[in-house]
Amino acid sequence: MIELPSRYNPQETEDKWYQEWEEKKRFAARPVSGKTPYTIVIPPPNVTGILHMGHALNNTIQDILIRYHRARGCEALWMPGTDHAGIATQNVVERKLAKDGRKRQDLGREKFIEEVWKWKEEYGSTIIRQLKKLGASCDWDRTRFTMDDEYSDAVKEVFVRLYEKGLIYQGHRIINWCPRCQTALADEEAPHHDLKGNLYYLKYPYKDDPDDFVVVATTRPETMLGDTAVAVNPKDRRYKKSIGRKLVLPLVNREIEVIADESVDMKFGTGAVKITPAHDPNDYVTGKKHDLEFVNIFHPDARINENGGEYKDMDRFEAREVIIEDLKEQGFLEKIEPHDLSAGHCYRCHTIIEPYLSKQWFVKMQPLSVPATAAVKTGRIKFHPDRWTKVYLNWMENIQDWCISRQIWWGHRIPVYYCADCREKGKAGVHVSRTTVQKCPECGSSRVTQDNDVLDTWFSSWLWPFATFGWPKETRTDNAGTVHNVAEDLGYFYPTSALSTASEIIFFWVARMIMAGFEFMADIPFKDVYIHGTVRDIEGRKMSKSLGNIIDPLEIIKEYGTDALRFSLISITSQGQDVYLSKERFEQGRNFANKMWNASRFVLMNLEPSAAKTDLCVFFKKEDLSLPNRWILSRFYSTLKELDTYLNSYRFNEAANLLYHFFWHEFCDWYLEIIKPDIKDPRNQVVMYKILEKYMRAMHPFMPFITEEIWHYLAPEAGSIMDQPWPHVQGQIIDKKVEKQFDTAVNVITAIRNMRSELEIAPAQAVEAVIANTSRQSRDLLTGIAPHITFLARLSRLAIQEKQQHHPSSVTTVVGDSHISILLEGIVDIDKEKKKLDAKISRAQADIKAKENMLANKAFVERAKPEVVENERTKLSQLKETLTKLQGVKHALR
RNA sequence: GGGCUCAUAGCUCAGUUGGUUAGAGCGUUGCGUUGACAUCGCAAAGGUCAGAGGUUCAAGUCCUCUUGGGCCCACCA
């Protein structure tokens, strides 16, 4: 007999168990011959990250998968780590410097990087600590950081290989430029958002006829400073005479020509478009085609540069205002119309990006995309839910080259070296190298400098599924000093089993990992990709700091417990659908944890020590178990069977709700209640104990802490619940007939409770009931469960008989093939009862009519599956029987 | 412009080969502490499954369209 406190206290237990698991290295995984590997690599959170609900959800999902497979006997490895997150981290440290009025330029590159490392050492493990709070069972000794020396070597290796293969090249072209971060961005890093803007109609006068002009329409009038042509469609009659004529660009007085180009949409604006080759991707193409001049008008921070004449040093938006004022004053502005447009925004700081002409490094993606496309098309890699396949393939099939150079300091510096001497002699002087180049390998000069740019963060993360293992080295020494054989690890754990992430990251990361997997490992990086929904607030908005609608998972953990957080999140995450969250949602998880706690408390209070040691088979083989016992065993294994199905198809919410329903509404509400009077019966003892302890094992992946805690009360000498095997389905115990029989008991008890409630009979007052049933079999069944009915329906006496007889002052209802009457000495409102009966009778009559129509339908009887028709026939006869009985009851009431 | 997704109880949502009486949590109402649990129990009310059409013996589920949300992609000057 063990006494537990009546309330579960997560705070006390969670840290205790996590510490224990970690100390005993329970999450460590090694290649073990004969064991099936199961691997997940964590989507590395940014070092600057703090745990938000998206993390909480995603990592709970991964932890469930890992713990589930670990329990099922797999060697489960969850590879952890963090991402250096170039721009994001640099911004954080810059902001910190700004508080002291300093800029990174004041420190210089080296000192600044030192600052970032210092910051990383101090705060970089925050997110890891928080993942531990969440219960994440990662193999922490293997924790990787994308800027680790070894990992950096992998990045260099990859750069050099791709360069040597001709897949990396330097190009001078228009890229997405963030004027605030002052760096180039990849297309994916500059998502388009709608803006309310204007369409400005500008008049460009002809050189030879200043009173006449061409009107161009633009949304970015300030770029006119860089115009070097005006284009019209050659088919456009309005401008037939204009082609080839010179215009004078207002404000700057540059002579520009009217050129003809088919790409011009005659229907848009005036049909004449100003061409700014240095500041618009389309104009760039046109500029190349027509050999136009490229005039860059912006400083890197998007202020106007010396090419902008008197507008020099003005910010782009200020310049826009002033230029419009000036054009207006000088008579060059025709009109302004409101116009909705969309523009790229920096994904790190949300500044509107500026298309900017510059020299950058690119990866040629098309060749890499070929096997990556095929792998998904053939189903070697599967997306869950499946609809993301299309999104992925669509992107892959339209893939663009990837701009990988960033003009920031924090990141992997591009392993390209330039020899000044060679360059002076007119040679290329470009050397790409895995190691630092100090002397020019061609001329021996020491006037060698490394490229100033660093690589896109994703250029390191795309190697995550194999570089974390130590690729391309032979060994990897982990954080605890253990040396791992890289080839052996990769041979065993790679390709990984599943990847769980958010949809936002499919292009950034998932797609690129698949390409890198094929390019460098000649194999897929993972088999299944699970895409979970976005966590939103209750109004459907994304959670963000600026909106102030964040629900902090750590606060929920503090208030409700980690298990409650995990369970609540999982139970509302259906099939990658977005999750709308309010704080109250977590009460469900907390209440459930408490329910588990109290049910366990109840079992332990009533448990004889011998029960835990008795093998279930002893009784089961004898077939002498009571119906409730056979029922709960069957229900447990049915539940377990379904649980496997759900988990293997990534239907986490259904899995969670299944476990919830079984425990609360079957095990607690019915089973424990029904065995209460005979709880000391050895068979009940064994069954309730076995169900509870097996349930804890099945529940452990979802709620690791409370299950471990309860486990130690249930089996104090058995060690951790993590050592326990998964409770495999015992198919021979599942008995649908037994389940159905028990349903009869439930229905009878519910019916009596119903009557009691409707008649307002006090719960404490026992009543006498009579059940009449003409079927011998049914009577036998009812007789067997009579004591349970008596107990749970609070009866003073229960008679089971063949024939219905009229009792004065009684109320009767019909359940299945049974007539149930309760006898009342007190006053019953006959009229009220009659009305209720009438309602039931007309309902039954309507149902009978519907069924009869259905069965009279020749098409149905002929075409529907025979068992369906048979089923309907049975139901009809049952309904008719019920009706007869109801009518009999009504008659008796008179 | 292309694509995806959602619309089911007062609220938030489940509902996977189309087949009994469409479920849960929260909320609401009534009754209740018989010592596992008031973070609880027993019961009740509440749904023309957005609208229209179609396929089918049978549609919340499949198809088409409409309406209204949300999201993603796209070089819409």
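The figures here come from the full heavy-atom set of this structure, side chains too, leaving out hydrogens, waters and symmetry mates. Naming convention: chains lettered A, B, ... in sequence-line order (proteins, then strands); numbering from 1 in each chain.
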Discussion item. Please tell me whether A:F383 and A:Y530 form a close aromatic pair, meaning their ring centres lie under 6.0 Å apart.
Written reply: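 No.
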Worksheet item: Are A:F652 and A:Y646 close enough that their ring centres sit under 6.0 Å apart?
Response: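 Between A:F652 and A:Y646, the centre distance exceeds or equals 6.0 Å.
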Worksheet item: Which comes earlier along RNA chain B counting from the 5' end, the contact point of A:S6 or that of A:D265, where each point is its nearest nucleotide?
Response: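 With A:S6 and A:D265 compared, the 5'-side residue is A:S6.
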Worksheet item: On RNA chain B, nearest-nucleotide positions of A:W670 versus A:S342: which is more 5'?
Response: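 Nearest-nucleotide comparison on RNA chain B picks A:W670.
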Discussion item. Could you check whether A:E559 pairs with A:R590 (Lys NZ or Arg NE/NH1/NH2 to Asp/Glu carboxylate O, under 4.0 Å)?
Written reply: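 No salt bridge links A:E559 with A:R590.
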Worksheet entry | Shortest non-hydrogen contact between A:Q588 and A:S571, atoms and distance |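 Looks like OE1-OG, 3.7 Å.
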Looking at [N], which nucleotide sits across from it as a Watson-Crick or G-U wobble partner, both distances under 3.5 angstrom, or is there none?
N: B:C75; value: none
N: B:C40; value: B:G32
N: B:C62; value: B:G54
N: B:G18; value: none
N: B:C13; value: B:G23
N: B:A7; value: B:U67

Are any of [X]'s side-chain N or O atoms less than 4.0 Å away from OP1 or OP2 of [N]?
X: A:R753; N: B:A43; value: yes
X: A:W664; N: B:G41; value: yes
X: A:H665; N: B:G25; value: yes
X: A:R7; N: B:U39; value: yes
X: A:N591; N: B:C40; value: yes
X: A:N398; N: B:C73; value: no
X: A:K390; N: B:C72; value: no

Taking the minimum atom-to-atom distance to the side chain of [X], which one of [options] wins?
X: A:F507; options: B:C37, B:C72, B:A43; value: B:C72
X: A:D669; options: B:A77, B:A43, B:G41; value: B:G41
X: A:C668; options: B:A77, B:A14, B:A36; value: B:A36
X: A:T218; options: B:A44, B:A36, B:A77; value: B:A77
X: A:Q588; options: B:A14, B:A43, B:G25; value: B:G25

Can you tell me how far [atom1] in [N] sits from the matching atom in [M], rounded to whole Å?
N: B:G47; M: B:G10; atom1: P; answer: 7 Å
N: B:G18; M: B:C63; atom1: C1'; answer: 13 Å
N: B:G41; M: B:A52; atom1: P; answer: 41 Å
N: B:C49; M: B:C4; atom1: P; answer: 26 Å
N: B:A24; M: B:U33; atom1: P; answer: 26 Å
N: B:G15; M: B:U56; atom1: P; answer: 28 Å
N: B:A7; M: B:A14; atom1: P; answer: 7 Å
N: B:G23; M: B:G54; atom1: C1'; answer: 29 Å

Rounded to the nearest angstrom, tell me the gap between atom [atom1] in [X] and atom [atom2] in [N].
X: A:F567; N: B:G25; atom1: CZ; atom2: P; result: 11 Å
X: A:E654; N: B:U16; atom1: CD; atom2: P; result: 8 Å
X: A:N594; N: B:C37; atom1: CG; atom2: P; result: 10 Å
X: A:F662; N: B:A24; atom1: CZ; atom2: P; result: 18 Å
X: A:E587; N: B:A38; atom1: CD; atom2: C1'; result: 13 Å
X: A:W597; N: B:C37; atom1: CH2; atom2: P; result: 14 Å
X: A:I175; N: B:C75; atom1: CD1; atom2: C1'; result: 15 Å
X: A:N657; N: B:A24; atom1: CG; atom2: P; result: 11 Å

Sugar-phosphate, base or nothing in reach of [X], heavy atoms under 4.0 Å:
X: A:K676; result: base
X: A:Y660; result: sugar-phosphate
X: A:A593; result: nothing
X: A:V603; result: nothing
X: A:R651; result: base

Item to complete: Only one of A:W670, A:Y695, A:Y671 passes ring-ring contact (aromatic ring centres under 6.0 Å, His included) with A:F663; say which it is.
Response: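 Between A:F663 and the candidates, ring-ring contact (aromatic ring centres under 6.0 Å, His included) is satisfied uniquely by A:Y695.
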Item to complete: Could you tell me whether the side chain of A:L185 reaches within less than 4.5 Å of the side chain of A:I353, counting heavy atoms only?
Response: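 They are in side-chain contact.
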Tell me if the [atom1] atom of [X] is crowded by more than 12 foreign heavy atoms within 6.0 Å.
X: A:Q11; atom1: CD; result: yes
X: A:K558; atom1: NZ; result: no
X: A:K641; atom1: NZ; result: no

Worksheet item: Is there a donor and acceptor pair, one atom on the side chain of A:E673 and one on the base of B:A36, closer than 3.5 Å?
Response: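 It does, because a donor-acceptor pair links the side chain of A:E673 to the base of B:A36 below 3.5 Å.
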